[in-house]
Amino acid sequence: MRLYEELLALYGKQGWWPLFNPIKNKFEYYSGNPKNFKQKLEICLGAILTQNTNWNNAEKALLNLINKNLINIDKLDRIPENKLALLIKSSGYYKQKAKKIKEFIKFLKSNKEITRENLLKVWGVGKETADSILLYAYDKPYFVTDNYTKRFFSKLDYCKKDIGYDELQKLITSKIPKDINLYKEFHALIVKHSKINKDGLKQ
DNA sequence: TACCAGGTCCTCG
DNA sequence: CGAGGACATGGT
């Protein structure tokens, strides 16, 4: 919590995930919960598109889907995979990601419960993507332990640099209150800090 | 030009 | 399990 307070003092509230604002015609970091299913879906798609890819590239791909009115399960279910792939080309790994989106949409249409266990069974959804979806789209308390997070805590000697995903998640959540907004903001601050301090993590 | 970005899956041992 | 490779674009 001391680290969280320091980061917050340093950078201020970040907002945690970019959502497209049609009025302003741009992505904005929001500081609340997604208001409707469409926003949830947009976050889920963004989580898949940004896998091992910078947000800028993922954003262009997402914008293509938004402009084609494709943030919609039925439409995404119907569009041919190769056509979808071309729309998201800028996000890299575009053929794989098209398949991942298709698989994810299939999962949503199955009406299975959105749990970590069920998400991890979906092809293309690993631990980080599952936790991002659960936390940012579905407001469930799962701390996202991505590479930034691992680097952040290992450089500060809170853990080994090859610590496993679940292990680091457990370590962090055992030391802070189980609060969704805290999880969201803390992770956003870690990302912010890590992007600024590529090498020298001080403080 | 080379490296990397808010990973995941598959294969092999 | 775990290491190693494949997947791919765009920015710096």
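Everything quoted here is computed from the prediction, not taken from an experiment. First the proteins, then the strands, lettered A, B, ... as listed; each starts at 1.
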Query raised in the report: A/Lys195 has an atom NZ; how far is it from atom P of C/dG11, in whole Å?
Result: 15 Å
Query - Presence of A/Lys60 side-chain N/O under 4.0 Å of C/dG11 phosphate oxygens OP1/OP2 - result: yes
Query raised in the report: Roughly, in whole Å, what's the span from CG in A/Asp146 to P in B/dT8?
Result: 10 Å
Report task. Can you label the angle between the A/Phe27 ring and the A/Trp55 ring as parallel, tilted or perpendicular, going by 30° and 60°? Result -> perpendicular
Query raised in the report: Using a cut-off of less than 4.0 Å, is there contact between a side-chain N or O of A/Arg151 and OP1 or OP2 of B/dA5?
Result: yes
Query - Nearest-Å distance for atom pair NZ/P, residues A/Lys97 and C/dT9 - result: 11 Å
Query raised in the report: Taking atom C1' of C/dG2 as reference, at what distance in whole Å does atom NZ of A/Lys160 sit?
Result: 17 Å
Query raised in the report: In whole angstroms, how far is the C1' atom of C/dG2 from the CD1 atom of A/Ile163?
Result: 16 Å
Requested in this report: Name the nucleic acid region contacted by A/Val125, choosing base, sugar-phosphate or nothing; use a 4.0 angstrom heavy-atom cut-off, strictly under.
Outcome: sugar-phosphate
Query raised in the report: Given atom CG of A/Leu49 and atom P of B/dG7, what is their separation to the nearest angstrom?
Result: 13 Å
Query raised in the report: Is any side-chain N or O of A/Asn147 closer than 4.0 Å to OP1 or OP2 of B/dG7?
Result: yes
Report task. Give the minimum heavy-atom separation between A/Arg2 and A/Tyr158, together with the two atoms involved. Result -> NH2-OH, 3.3 Å
Requested in this report: Measure the acute angle between the ring planes of A/Tyr136 and A/His187, then classify it against the limits of 30° and 60° as parallel, tilted or perpendicular.
Outcome: tilted
Query raised in the report: What integer number of Å spans the P atoms of B/dC3 and C/dG5?
Result: 15 Å
Query raised in the report: Between B/dG7 and A/Thr50, is there an OP1 or OP2 to side-chain N/O distance shorter than 4.0 Å?
Result: no
Query - Any A/Trp55 side-chain N or O less than 4.0 Å from OP1/OP2 of C/dG11 - result: no
Query raised in the report: Donor-acceptor pair, A/Ser31 side chain versus A/Tyr29 backbone, under 3.5 Å?
Result: no
